[in-house]
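As structure tokens, the structure follows; a few thoughts come after it.
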Number of protein chains: 2
Amino acid sequence: MKKTTIHDIARELDVTFSTVARALNDHPAISAATKAAVLETAKRLNYQQNKLASSLRSGRTNVIGIIVPSLDTSFFSSVVHGIEKVMNENGYSMLLYQTGESLKQEQKGIETFLQSRVDGIISSVSGEVEGREFYEQISKRQVPLLFFDRAINELPVPSVTINDYQAGFVATEHLIKEGYKHIAHFTSDQNLTIFKERFRGYRDALQQYGLPMNEDMICKGRLSLEFGKDSVTRLLEQEKNFDAVFAAEDYTAMGALQVLLERGIKVPQQMGVMGFANEAFGAFVTPSLSTVDQQTIRMGEETAHLFLKLIANKDFYGTTPERIVLDPILIPRHSSQTVEPR
Amino acid sequence: MKKTTIHDIARELDVTFSTVARALNDHPAISAATKAAVLETAKRLNYQQNKLASSLRSGRTNVIGIIVPSLDTSFFSSVVHGIEKVMNENGYSMLLYQTGESLKQEQKGIETFLQSRVDGIISSVSGEVEGREFYEQISKRQVPLLFFDRAINELPVPSVTINDYQAGFVATEHLIKEGYKHIAHFTSDQNLTIFKERFRGYRDALQQYGLPMNEDMICKGRLSLEFGKDSVTRLLEQEKNFDAVFAAEDYTAMGALQVLLERGIKVPQQMGVMGFANEAFGAFVTPSLSTVDQQTIRMGEETAHLFLKLIANKDFYGTTPERIVLDPILIPRHSSQTVEPR
DNA sequence: TTGAAAGCGCTAACAA
DNA sequence: TTGTTAGCGCTTTCAA
């Protein structure tokens with residue numbers, strides 16, 4: 001079945017194709033009669049606009065590209081959910097690209113997006129190592145760019161993030177106020193601002209409350225259940241003097257929690273545990289896992305709204321990039337709350 | 001900055017633009033020298049192919065459209081993860097559309113995809129009520145279509161699903177073999193095959209083992225933690241004679257589990273609980289939640305592979321649709337295993 | 001209100 | 001091996 005074009009409709013009605021185009025696009029200069037006739041014929045012939053042609057000509061695609069490390073993560077899929085929802089309501093479609101934390105993939109994704117002439121790119125970067133020059137290609141081409149969660153602070157790009165420093169601080173402060181004094185920190189070995197900031201918050205909280213920070217109690221690795229287990233096991237076997245764990249991610253915290261319980265160490269009475277990200281399981285485990293919520297869906301929505309606001313303004317690259325910083329929400333649960341005095 | 005086109009490169013090198021096009025597309029009939037020169041100039045001028053123009057002309061976009069109810073669900077985001085990964089490796093980009101279980105959104109998504117001239121559509125439908133004629137638009141236009149997880153069996157469309165009947169059967173059978181005799185079933189009120197099949201499996205397992213099915217013990221509603229809590233509470237308060245719950249979804253099972261524990265009912269000794277979907281939390285709760293794994297990432301990969309295989313064949317709509325059915329994997333955990341005899 | 005015409009940037013068939 | 005030519009289907013300006 002050959003596809004119907006505006007020419008087919010024009011032929012059918014004995015008008016020119018530009019009249020048809022006007023009718024279809026709600027152009028003001030068109031008689032109600034022809035418009036109705038065109039719409040009727042379009043429907044009858046099963047006409048469907050060719051966005052490729054229209055975009056090629058007009059220079060707008062109404063498509064934005066989204067780059068995330070992976071969708072197989074509740075955090076990112078949840079943010080993407082929020083972004084898509086809002087963008088969709090505003091007439092945009094979404095091209096999606098997963099990088100798997102690989103810089104090369106990230107570059108490939110951006111190239112594809114640029115070639116597809118997306119109207120904008122929203123990205124959460126893969127690790128801030130060298131070789132990010134390709135982001136400059138985006139600004140060179142004047143394509144609106146936004147970061148969410150993981151931004152490159154050196155670049156003048158608008159972003160929506162949460163205050164990871166504050167998050168690290170309040171998480172640690174909470175543990176301190178609950179009476180824990182020797183708090184270990186499990187974090188990522190990835191070179192990402194988010195983790196450095198959480199660490200900085202942890203460090204400053206200890207300092208502010210006059211507690212010493214012990215380098216031995218900082219464990220870095222690939223965040224995961226296993227890493228949490230291994231790290232806490234190592235600390236225990238080295239007989240380090242610690243009474244709480246603050247992990248930069250919930251699965252890691254969960255691993256620690258499991259080992260502690262297996263070994264008969266009482267949580268929260270003997271040891272406090274604090275995670276990060278508010279994964280669904282945290283509320284269900286026993287003891288329930290204290291954590292920090294990152295407002296994922298809200299982050300997605302804010303990102304989309306900021307994007308829409310910024311592209312409404314002609315001169316995207318002429319204005320100082322707006323950076324929205326969301327507040328993290330501390331979720332204290334049983335793994336860190338000592339009901340009885342110790 | 002004006003965008004570079006093949007014409008700019010041609011002018012620079014004093015050749016025609018078709019020579020440039022050939023060089024860029026690795027056409028065999030081109031001298032090594034010109035090719036090198038073109039590539040060098042292209043890079044120097046920051047050339048980037050315009051896919052809109054290329055697709056418009058060639059009739060292929062290398063884009064596929066994916067339709068899911070929501071990404072804010074570990075199941076769908078995980079499957080999409082798998083699909084994107086494989087499709088990306090094979091040179092496809094992915095347009096994403098969430099329906100929020102709304103038929104109208106689903107139709108809108110499909111229309112957008114068709115207008116964008118995607119090379120194929122992969123969809124998980126929103127509820128099999130009336131008004132699905134728009135799917136016929138897809139076949140009319142000869143656009144390859146695939147279903148995953150939620151298929152419309154009446155349509156001759158290839159699909160990748162899991163055997164929900166078998167899943168319902170083995171889950172129930174497992175409970176029976178563990179000694180439970182009065183098994184309640186909590187399921188969705190959505191009119192979806194997947195839930196009807198799980199229910200059918202449940203019913204047949206009871207029958208096969210000579211256990212009566214009691215209509216009072218079938219609860220239908222919007223699957224959620226709350227629904228699980230409410231349902232089990234109601235059964236308890238009505239003093240129904242039941243000793244196990246098989247929920248068609250993990251959060252629902254979790255709700256039931258929480259209420260049981262709160263009321264001091266021992267799981268699994270007094271009551272067995274079985275979920276569905278293998279959500280992350282199931283492994284971490286106490287007692288850990290028995291469930292059925294749906295092989296999400298594998299489902300995504302299989303879907304992508306089937307799609308690639310089918311479009312390699314010219315005549316997509318001429319061949320009988322292949323339906324791949326994956327086996328569910330029973331994951332027995334503590335919530336259903338009575339270690340000691342009862 | 002409608003028509004005519006140009007062209008977005010590319011692919012691909014045919015000719016030289 | 002390279003050039004010529006004709007569109008793909010639409011938007012948009014100018015003219016009638």
Side-chain angles (χ1 to χ4, degrees), chain A residues 1-39 41-42 45-63 111-112 114-119 141-142, chain B residues 1-39 41-42 45-63 111-112 114-119 141-142:
Chain A
M1 182 179 134
K2 196 69 203 64
K3 266 153 200 153
T4 313
T5 72
I6 50 175
H7 293 92
D8 301 320
I9 301 177
R11 201 177 317 117
E12 192 94 352
L13 293 172
D14 220 27
V15 293
T16 46
F17 66 92
S18 44
T19 303
V20 175
R22 270 188 282 261
L24 257 19
N25 290 320
D26 252 345
H27 192 96
I30 186 97
S31 77
T34 26
K35 186 169 157 186
V38 167
L39 291 180
T41 318
L45 298 186
N46 255 311
Y47 171 76
Q48 208 142 37
Q49 188 197 41
N50 185 328
K51 292 211 175 199
L52 296 172
S54 134
S55 297
L56 175 60
R57 185 56 234 261
S58 69
R60 297 194 61 217
T61 53
N62 270 28
V63 171
E111 240 149 50
T112 309
L114 256 19
Q115 293 179 166
S116 303
R117 300 295 190 261
V118 295
D119 287 347
R141 284 162 212 280
Q142 303 273 84
Chain B
M1 183 180 134
K2 196 71 201 62
K3 265 153 201 154
T4 313
T5 72
I6 50 176
H7 293 92
D8 301 319
I9 301 177
R11 201 177 316 115
E12 193 94 352
L13 293 172
D14 219 27
V15 293
T16 44
F17 70 93
S18 47
T19 302
V20 175
R22 272 189 281 262
L24 259 17
N25 291 320
D26 253 344
H27 193 96
I30 186 99
S31 78
T34 25
K35 187 169 158 186
V38 167
L39 292 180
T41 318
L45 298 185
N46 256 310
Y47 171 74
Q48 208 143 36
Q49 189 198 40
N50 186 327
K51 292 210 175 202
L52 296 171
S54 138
S55 297
L56 175 61
R57 185 55 236 258
S58 69
R60 297 195 60 219
T61 53
N62 270 28
V63 170
E111 240 150 50
T112 308
L114 256 18
Q115 294 179 165
S116 303
R117 299 298 190 259
V118 295
D119 287 348
R141 284 162 212 280
Q142 302 274 84

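In the text below, chain A, chain B and the rest are named by the order of the sequence lines, each starting its count at 1.
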### Query
Tell me: CZ of F17(B) to P of dA12(C), nearest whole Å?
13 Å
#### Entry: Side-chain N,O (T5(B)) to OP1/OP2 (dC8(C)) below 4.0 Å
no
### Query
Does a donor on one side chain sit under 3.5 Å from an acceptor on the other, for T61(A) and D119(A)?
yes
### Separation of dT11(C) P from D26(B) CG (nearest whole Å)
12 Å
### I6(B) versus F17(B), closest heavy-atom pair with distance
CD1-CD1, 3.7 Å
### Message
It should be established whether Q48(A) places a side-chain nitrogen or oxygen under 4.0 Å from OP1 or OP2 of nucleotide dG9(D).
### Response
no
### Query
What is the distance from NE2 of H27(A) to P of dT1(C), rounded to the nearest Å?
9 Å
### Query
To the nearest angstrom, how far is L114(B) atom CG from dG9(D) atom P?
15 Å
### Residue met sooner reading DNA chain D from 5', once V15(B) and H7(A) are mapped to nucleotides
V15(B)
### Task
Starting at atom CZ of R60(A), determine the distance to atom P of dT12(D), rounded to an integer number of angstrom.
10 Å
#### Entry: Option passing side-chain hydrogen bond (donor to acceptor under 3.5 Å, both in side chains) with Q48(B) (candidates E111(A), R141(A), R117(A), Q115(A))
R141(A)
### Message
On the nucleotide dT1(D), are OP1 or OP2 found under 4.0 Å from the side-chain N or O atoms that T19(B) carries?
### Response
no
### Query
Using a cut-off of 4.0 Å on non-hydrogen atoms, how would the nucleic acid contact of S54(B) be classed: base, sugar-phosphate, or nothing?
sugar-phosphate
### Message
Minimum heavy-atom separation for I30(A) and A23(A), please, with both atom names.
### Response
CD1-N, 4.0 Å
### Message
Rounded to whole Å, please give me the gap between CG in L13(A) and C1' in dT1(C).
### Response
15 Å
### Message
Let me spell it out: for each of R22(B) and I6(A), pick the nucleotide of DNA chain D with the closest heavy atom. Which residue's pick is nearer the 5' end?
### Response
R22(B)
### Query
Whole-Å distance between dC8(D) P and Q49(A) CD?
17 Å
### Query
Side-chain N or O of S58(A) less than 4.0 angstrom from OP1 or OP2 on dT11(D)?
no
### Message
Rounding to an integer number of Å, can you tell me how far L24(B) CG sits from dT11(C) C1'?
### Response
12 Å
### Query
So which nucleotide from dT11(D), dT11(C), dT12(D) ends up closest to the side chain of S18(A)?
dT12(D)
### Query
Do any side-chain nitrogens or oxygens of N50(B) fall under 4.0 Å of OP1 or OP2 in dC8(C)?
no
### Which nucleotide in dG9(C), dA4(C), dG3(D) has an atom nearest any side-chain atom of T16(B)
dG3(D)
### Query
Can L39(B) and L24(B) be said to form a side-chain contact (heavy atoms from CB on, under 4.5 Å), step by step?
CA-CA 7 Å; L39(B) 292 180; L24(B) 259 17; 3.8 Å; yes
### Message
Under 4.0 Å, heavy atoms only, any strand: does T34(B) hit a base, just the sugar-phosphate, or nothing?
### Response
sugar-phosphate
### Distance-only donor-acceptor test (3.5 Å): side chain R117(A), base dG9(C)
no
#### Entry: Under-3.5 Å donor-acceptor pair between R57(B) side chain and dG9(D) base
no
### Message
Working to the nearest 0.5 angstrom, can you tell me the gap between N46(A) CG and K3(A) NZ?
### Response
12.0 Å
### Task
Have a look at L56(B) and say if it touches a base, only the backbone sugar-phosphate, or nothing, with a 4.0 Å heavy-atom cut-off.
base
